[in-house]
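Reviewing the structure listed below.
Bear in mind the structure is a predicted one, so any value in this text is a computation, not a measurement.
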Amino acid sequence: MRTAPLLVLLFLMCLGAFGQSKVRKVVARRGDGVQTLLRRYGLNSSQQQQKFKELNKAALGPGGGLLAGRSYLLPPAVSAASRLKATNPTSHGQSTTPLLTANLFGPRYSPVPIRDRALRGAVYYLSAGHGGPDPGAIGQYGSYKLAEDEYAYDVTVRLARALMEHGATVYVMVQDPNDGIRDLAVLPIDYDEVTYPRQKIPLSQLGRLRQRIAQVNKLHARHKGAYQRLLALHVDSRSAGQNIDVFFYHHANSQAGLRLAKNIHKVFTNRYKRAQPNRPYSGNVSVRSSLYEVRTSHAPAVFMELGNIRNQKDQRRFVVPDNRQALANWICEGLIADYTVR
């Protein structure tokens, strides 16, 4: 499968008027917030958010959050016929939700519905840790081995898809020609990843980092004047007995990087309060100016450690596909917050 560049300039068509269809039930996924759930169904206005909260007042969790697996009522939006046409457009109909094809996500996820224009004008560079000849940290999961690069990559492409749903321009800097988004617990280890656009990844760690950041900086010059951010996603490796939360690092001299890290961190803190009210969230934002991607990227950068792949508790964060999607959703929510208040 060709690993075409994921540069997408997306223009959203108007959604149908509020209040034209019957109320219906949907099930919240792990990691969903009210805005995330409503955007999935093309419901974006403050009126619809307020109506949703009124309809589901008794079903909301602590702090007004959603509970994964619970059914919720959606406020009316468009007619059933229009909704079907939006999710299954034909050459004879007018789609209210355009679909974008992105082969990098695999056949199941390659149709990307464009939900809204919340991130229109934003450019993101997503860099999954390691890849190619280097699988990164390795964790033991029963009789299986878990590789850092496979799980960092799966979260990365899920995040890319989520960002594109909101109209962003996205570059995936490390690409796998055949993996796509995978709903498996144990992701097979392979070594065929390439650097955008289609460069063989060198064995040297410094060579790998120089290669991908050179591409980021070249693209950064092409998008001069645009809002641009780099996200580097990694999975940590510490002692097997140490479980960790998600940590965020930025350059000491980058106020934009600090703000971005804080906005994502705020989402994670709030989500943990709702999902695990009896467990404090200890992930934090700190300076790590020595990190190559943070230090040399022309775009403001945030380096993320998603967990310890050697710890049994943290491994559930990675081997459960819904948890990987939750990580992507929460990061996306933080990116939207950062872009909209800039």
Check: Going by atom types only, do E333 and N329 share a side-chain donor-acceptor pair under 3.5 Å?
Finding: no
Next item on the list: Indicate whether any N or O donor in one side chain lies under 3.5 Å from an N or O acceptor in the other, for N308 and D314.
Entry: no
Item checked: Spacing of L74 atom CG and L55 atom CG [to the nearest 0.5 Å] -> 9.0 Å
Notebook entry, point to check: In Å and rounded to the nearest 0.5 Å, what is the CZ to CG distance from R271 to L66?
Noted result: 7.5 Å
Note to self: For the NE2 atom of H265 and the OG atom of S286, what is their distance to the nearest 0.5 Å?
What the structure shows: 9.5 Å
Notebook entry, point to check: With a 4.5 Å heavy-atom cut-off, do D190 and P135 have their side chains touching?
Noted result: no
Check: For the atom pair CZ (R70) and CG (L60), what is the distance rounded to the nearest 0.5 Å?
Finding: 8.5 Å
Check: Within 45° of the ring axis of Y227 and under 6.0 Å from its six-membered ring centre, is that where the NZ or CZ of R229 lies?
Finding: yes
Check: Atom CG in D179, atom CG in L104: separation rounded to 0.5 Å?
Finding: 9.0 Å
Notebook entry, point to check: Hey, does L73 have a side-chain heavy atom less than 4.5 Å from the side chain of R24?
Noted result: no
Notebook entry, point to check: Hey, is R29 close enough to D32 for a salt bridge, meaning N to O under 4.0 Å?
Noted result: no
Checklist line | Residues D183 and R108 bridged, charged N to O under 4.0 Å | finding: yes
Next item on the list: Assess whether side chain to side chain contact (heavy atoms under 4.5 Å, CB included) is satisfied between I213 and L230, documenting all intermediate values.
Entry: CA-CA 10 Å; I213 295 303; L230 166 68; 3.9 Å; yes
Next item on the list: Look at R316 together with D322 and state whether they make a salt bridge at an N to O cut-off of under 4.0 Å.
Entry: no
Check: What distance do I264 atom CD1 and L231 atom CG have between them, rounded to the nearest 0.5 Å?
Finding: 5.0 Å
Next item on the list: In sequence, state the C-alpha distance, the side-chain angles, and the governing distance for Y125 and H223, and then conclude on side chain to side chain contact (heavy atoms under 4.5 Å, CB included).
Entry: CA-CA 12 Å; Y125 309 101; H223 292 283; 3.8 Å; yes
Next item on the list: Would you confirm whether the ring centroid of F248 sits within less than 6.0 angstrom of the ring centroid of F268?
Entry: yes
Margin query: Let's go through R295 and S289 carefully: what are the C-alpha distance in whole Å and the side-chain angles of both, what is the deciding distance for side chain to side chain donor-acceptor pair (under 3.5 Å) to 0.1 Å, and is it a yes or a no?
Written below: CA-CA 6 Å; R295 176 166 50 88; S289 301; over 6 Å; no
Notebook entry, point to check: Residues in ring-ring contact (aromatic ring centres under 6.0 Å, His included) with F303, at least two apart?
Noted result: H234
